[in-house]
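Data first, discussion second: the structure below is written as structure tokens.
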Amino acid sequence: MSSRIIEILLVEDNPGDARLTLEAFKEGKVLNHITVARDGVEALAYLRRQGPYSGAKTPDLILLDLNLPKKSGREVLAEIKEDEQLKSIPVVVLTTSADKEDIARAYSHHANCYVTKPVDLEQFLRAVHSIENFWLTFVRFPASGEHNA
Amino acid sequence: MGETMTSTDLTLVGSYDYQLVGLSFVIAILASYAALDLARRVTVARGRVRLLWLTGGAIAMGFGIWSMHYVGMLAFRLPVVVQYDWPTVVASLLAAILASAIALFVVSRERMGLIRAVLGSVLMGGGIATMHYVGMAAMRMPAMCSYSAGLVTLSVFLAIVISLVALWLTFHLRLDTTALSWRKAISALVMGLAIPIMHYTGMVATDFTPSTSAHQDLSHAVNVSSLSVAGIAIVAFVVLGAVVLTSFRFDSLPTTRQLGARYFVSLGVIGFLAVVGTLLIERQGGQVRTLGRTINIAGRQRMISQAIAKDALLVERSPDGGERQRQMENLRVLNELFKRSHSALQHGDRLLGVPGTNSAEIQRMFRALEPHFTAIISASGELVENVWAHDSSETSVDINAILEHEGPFLRAMDAIVSQYEREAVLPDETKIQLQFALLLAVFGVLLVQGVVVLRPALINIQQGISELELAERALHRKAEELTRSNADLEEFAYVASHDLQEPLRMVASYTQLLSRRYRGRLDADADEFIGFAVDGATRMQILIQELLSYSRVTSKKHALQLIDAKVACDSACENLQRSIEKSGAVVSVGPLPTVLADAGQLTQLFQNLIGNALKYRNERAPEIQVAATANGDTWNFSVRDNGIGIDPQYSERIFQMFQRLHTREEYSGTGMGLAICRKIVERYGGRIWVESELGQGSTFLFTMPRTEGTTI
């Protein structure tokens, strides 16, 4: 499985943050391909292969920020988890918010994991590597055709 | 003269009207209570107000004592008509007022030594005794007063002793500000019961022996009706009651004190007017009654003259000696009565209750009548003698003389009675006018009272209320402004910290990435520059974090609930586990209570305090003790350490935002930790402070309200 290129959808409006996440994954061990969606609407369009994203690949992992333009991360999460096609994709909420309510709400919407972006770069890198390690190395996904495009 | 009571050995036995005796006791108790209260006011007042209180107080108290005494006198009933000489009565009232003035003056001094107390009580007791015996001297009656020397001395002695007790009690209770207190009430009861004892001893000391021969000046004598007793008692109650009533804590302000004094003085004036007016009206009423008696007697003279004429005829025609004897006796009695009444009408008669003071016109008329009167008297006298001598020719001459003079006498007497009736109209009118004048005067005083008391009082109330309303409105506005600006500030702090964080994270993250990827690949300067940039960005991040948590302390999101402080403290220690292990610290947590707080904030509070104790340590391993003790309605928490301590001069400053005592090189930190602690503690209505000496360790203490029923 590790030989396969892992598809990741990063939903993040801040290019700086997006780049930082990309850099973090670049230092990782797993081959991956990251697509960045800039807002909630774009993210859902990508996942549902609507409009320009008709040829999009279903990601193995979604990294979701909560504060997004157009449609917030909370709404995106809710829609993903209500969608029969998408709900099996693990969603990692990766956000600056450490608000208790945000965390509780995310889990009640079946987020698979909630990670607060650490302030310190080292810690951030460590957090991203843990995500990579856990979700992309140890966790086995249900074998489906779509995953093996 | 034909008095029936001539025995001088007989003593008149008096009886008491017990209702009036009771009333006199009640007045005495009220007067004593008022005295206690007045003493305080005179003591507290200064300058003109003091003089005003002393004067008004002396009048009120004197009036109270006097009316007690007077009601006590009136309670004593003698079987003869008792009148009072009103100027003497007024003199006794003045004596009572003077005694009260002395008493108030003595007790309102700063100190009261033995000499002063004894001197004061001798003067006061003397004044009261003077009032009593002057009052007795005002009595006008057909009897002589004789005093038993021993009992009089005893009553004077009692007056002095009672005055001493009263002065002592008053002096020691004068600063009791409560209007109704037990101590005052009991003292008033003691004093009020003691004062009448002196009075009744004085009454026992007096013997009344009947006599009409005593020369008594009746020109100012007044009958005291039950109406005036009621008047005196009511006025006493009003005046003394007003003293007690006006004292209900109105003395705190100069304005109310002055208004109270004015009110009080006007009441005193009304009381004085009522007494003097009542006495004057009584006197006038007495005159009207006297005139009534005079008219009766004058009218009777006409009947007597006719009866004499009839009797004279009957004497002549009497068939036998026995019948004649009877008629003769009858004539003699009629003659006596005729003479006595005639003299009484012109020269006065104590027993008949006529003064014998006549107008010039009536005197003239009496002079015109005199020949007829003399003729009737002498003829009837001669008749008796001639009948005894059996001289029938002379008897018919006498009878003819009587019959001849009877007609003119009757006509002249008729004219005199009419004249008396005409003259009686005037005193009756004067009495009505006096009553009207008294009413007007009282009404006038009430009007003046309205102007000098009620009006300023109402104006004051109005001003007070509108000022209060203005102040309240201003306060409300201020509170609203404050709430708004506070909310604005918190909102600002929250938004600023949140929004500042985003770009800052970029700066921090990318400088860190730069340092990570390019350290050693550029020159040494670049490494150092990047190092400063990373450090600055990191510190700013921490600052903003803390600012954020500071602004969050009061946000409404956190609902308060009962929290076990021990749990909060343990979780703080858990968060600090690594520092504790690294420093080798020993943290001992004593029994802690349950408090009403937010769990997260309480944890943060302990965490900041214990964290400081760990951070500011010296070379020894930190020993930290957390404890709590109950203190009234609060819990006192303490966090004690053995660290570097704090110079007491900084014990306030350390709780302010961004205030630090050390450089970053010595100890890291933002200067926000204790500011957050203070904000948390103050949110729960507590306070936080430090007790420390440089190098001696520090103890941080804070209080939390004790919640009902919580224990350690």
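Order of the sequence lines fixes the chain letters, A, B, ..., with proteins taken first and strands second; residue numbering starts at 1 for each chain.
More than 12 heavy-atom neighbours from other residues, nucleotides or ligands sit within 6.0 angstrom of OH on A/Y107. Summarising the local packing, CZ of A/R48 is surrounded by more than 12 heavy atoms from other residues, nucleotides or ligands at distances under 6.0 Å.
Highest contact tally toward chain A, considering only B/Q545, B/Q541, B/Q512, is held by B/Q512 [criterion: heavy-atom pairs under 4.5 Å].
Using a 4.5 Å heavy-atom threshold, the side chains of B/R517 and A/E27 count as touching.
Looking at A/N14, only its side chain comes within 4.5 Å of chain B, counting heavy atoms on both sides.
Here the OG atom belonging to B/S509 is positioned 9.0 Å from the NZ atom belonging to A/K117, to the nearest 0.5 angstrom.
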